[in-house]
*Asks:* 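So that we are looking at the same thing, I have put the structure below in structure tokens.
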2 protein chains.
Amino acid sequence: MSDGYPIGDVARRLGLSVDALRYYERAGVLPPADRDAGGRRRYAEHDVHLLEVLLHLRDTGMPLAEIATFTGLVRQDPAGVPERLALLRAHREVLTARIAALTRSLGVIDGKIADYDARLTAAAGAPGAR
Amino acid sequence: MSDGYPIGDVARRLGLSVDALRYYERAGVLPPADRDAGGRRRYAEHDVHLLEVLLHLRDTGMPLAEIATFTGLVRQDPAGVPERLALLRAHREVLTARIAALTRSLGVIDGKIADYDARLTAAAGAPGAR
DNA sequence: CTGGCACCTGGAGCGCTCTCCAGGTCAAGC
DNA sequence: GCTTGACCTGGAGAGCGCTCCAGGTGCCAG
């Protein structure tokens, strides 16, 4: 039955490199994968689900070291649930603050775009303007 | 009249290190600052304004190399205005996409928080639940 | 039996963005 | 006149997140 997906399949499915996946395992971001008889990693569906969640954490700016902490808590299920919750709530705060900051910066950039646009249309509308 | 602010003042005002400021100049992110008689950098108000805009670009994920391109265009004012506009518009697209992605990830994280919350209240509300 | 391919390990290397350091100059205050 | 502190330069070092490599194993197809 050769349970689970090989590393290449998982990498392709999630748009990662196999090197990145192995690197995550070394770094503790991923729990050590099960191995088949030949020593190759085999990923179960729930491993992939966990990885997808971890990628959302990564993509929202959580450092790998902190994701590794989270993964460590997942591995002590169910004992780690309160800490996991606290960690996610703290990250949620950071993330909403970041989104707010990005949105403010977007406003500044839009202001600049409007400026340049005005300069350009002014120059076009009144060539050789006084 | 010793025109302009010394590097330390600018750094404090914008929350940067003086090393970072000098690094930005080396990298072309900042135009070479004017110098006083003793060779020390002196920043005029408009230098600080430019820097603030550049920091918004940096904070929204634009790589320093690209910011340096932008700065180069600023230095050829007014010739560089159309390219600056194009560059900002392109960055604006990237940025809105990033904000959207972060918002989606926030939703996933909120879902996880809700899950854990439910597990915790279930465990508390029905200790030794069947 | 021979390729070829996906996988393995340990470790080196890389791109980015700073940060720190040694060694030196200069102006102001005591 | 001497110390102190902010500034200068060029260059090395650091942390993060991968990416690449050499050298090797095991399985399947032809």
*Asks:* Side-chain donor or acceptor of B:Arg22 under 3.5 Å from a matching atom on the base of D:dC8?
*Replies:*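 Side chain to base: no pair below 3.5 Å.
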*Asks:* Whole angstrom is fine here: how far is it from CD1 in B:Ile67 over to C1' in C:dT17?
*Replies:*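 Interatomic distance, CD1 of B:Ile67 to C1' of C:dT17: 11 Å.
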*Asks:* How long is the line joining CG of B:Leu54 and P of C:dT17, in whole Å?
*Replies:*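 One finds 13 Å between P of C:dT17 and CG of B:Leu54, rounded.
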*Asks:* If only side-chain N and O atoms of A:Arg40 are considered, is one of them under 4.0 Å from the OP1 or OP2 phosphate oxygen of D:dG26?
*Replies:*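 No, no such contact exists.
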*Asks:* Run the salt-bridge test on A:Glu25 and A:Arg35 with the 4.0 Å N-O cut-off and return the result as yes or no.
*Replies:*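 Salt bridge between A:Glu25 and A:Arg35, a charged N being under 4.0 Å from a carboxylate O: yes.
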*Asks:* Counting the atoms with a prime plus P, OP1 and OP2 as sugar-phosphate, which does A:Gly38 contact under 4.0 Å by heavy atoms, base, sugar-phosphate, or nothing?
*Replies:*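 A:Gly38: no heavy atom of the nucleic acid under 4.0 Å.
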*Asks:* Rounded to whole angstrom units, what separation is found between the CD atom of A:Glu25 and the C1' atom of D:dC18?
*Replies:*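 Atom-to-atom, A:Glu25 to D:dC18, this comes out as 16 Å.
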*Asks:* Indicate whether any N or O donor in one side chain lies under 3.5 Å from an N or O acceptor in the other, for B:Tyr116 and A:Arg89.
*Replies:*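 No.
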*Asks:* In whole angstrom, give the distance that lies between atom CZ of A:Arg58 and atom C1' of D:dC18.
*Replies:*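 Roughly 10 Å, once rounded to whole Å.
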*Asks:* Figure out the CG/C1' separation between B:Leu16 and C:dT17, and round it to whole Å.
*Replies:*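 Rounded to the whole Å, the gap is 12 Å.
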*Asks:* Any chance you could lay out the side-chain contact (heavy atoms from CB on, under 4.5 Å) test for B:Leu55 and B:Leu16, step after step, and finish with the verdict?
*Replies:* CA-CA 10 Å; B:Leu55 290 179; B:Leu16 298 169; 4.1 Å; yes
*Asks:* Quick one: is D:dC20 close enough that its OP1 or OP2 comes under 4.0 Å of any side-chain N or O from A:Tyr23?
*Replies:*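 Negative; the distance criterion is not met.
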*Asks:* Among C:dC8, D:dT9, D:dT19, which is the nearest nucleotide to the side chain of B:Arg35?
*Replies:*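 The listed nucleotide nearest to B:Arg35's side chain is D:dT9.
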*Asks:* With side-chain contact (heavy atoms from CB on, under 4.5 Å) as the criterion, how do B:Leu120 and A:Val81 come out once you've worked through the C-alpha distance, each side chain's angles and the decisive distance to 0.1 Å?
*Replies:* CA-CA 7 Å; B:Leu120 231 47; A:Val81 171; 3.5 Å; yes
*Asks:* Compare the minimum distances between each of C:dT17, D:dG17, C:dC7 and the side chain of B:Pro63, then state the nucleotide with the smallest one.
*Replies:*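 The answer is C:dT17.
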*Asks:* Could you check how far CZ of B:Arg41 sits from C1' of C:dC26, rounded to whole Å?
*Replies:*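 Result: 15 Å.
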*Asks:* Separation of B:Arg12 atom CZ from D:dG5 atom P, in whole Å?
*Replies:*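 Answer to the nearest Å: 14 Å.
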*Asks:* So which one's nearest nucleotide on DNA chain C is more toward 5', B:Asp19 or B:Met62?
*Replies:*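 Between the two, 5'-proximity favours B:Met62.
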*Asks:* Starting at atom CG of B:Leu21, determine the distance to atom P of D:dC7, rounded to an integer number of angstrom.
*Replies:*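 Nearest whole value for this atom pair: 10 Å.
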*Asks:* At 4.0 Å (heavy atoms only), tell me whether A:Arg26 reaches a base, stays on the sugar-phosphate, or touches nothing.
*Replies:*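 Answer is base: heavy atoms of A:Arg26 come under 4.0 Å of a base.
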*Asks:* Report the residue from A:Arg12, A:Arg42, A:Arg41, A:Glu45 that forms a side chain to side chain contact (heavy atoms under 4.5 Å, CB included) with A:Tyr5.
*Replies:*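 Only one option passes, and that is A:Glu45.
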*Asks:* Pick the closest DNA chain D nucleotide for A:Ala37 and for A:Ala20 by heavy atoms, then say which residue is nearer the 5' end.
*Replies:*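 Final value for this comparison: A:Ala20.
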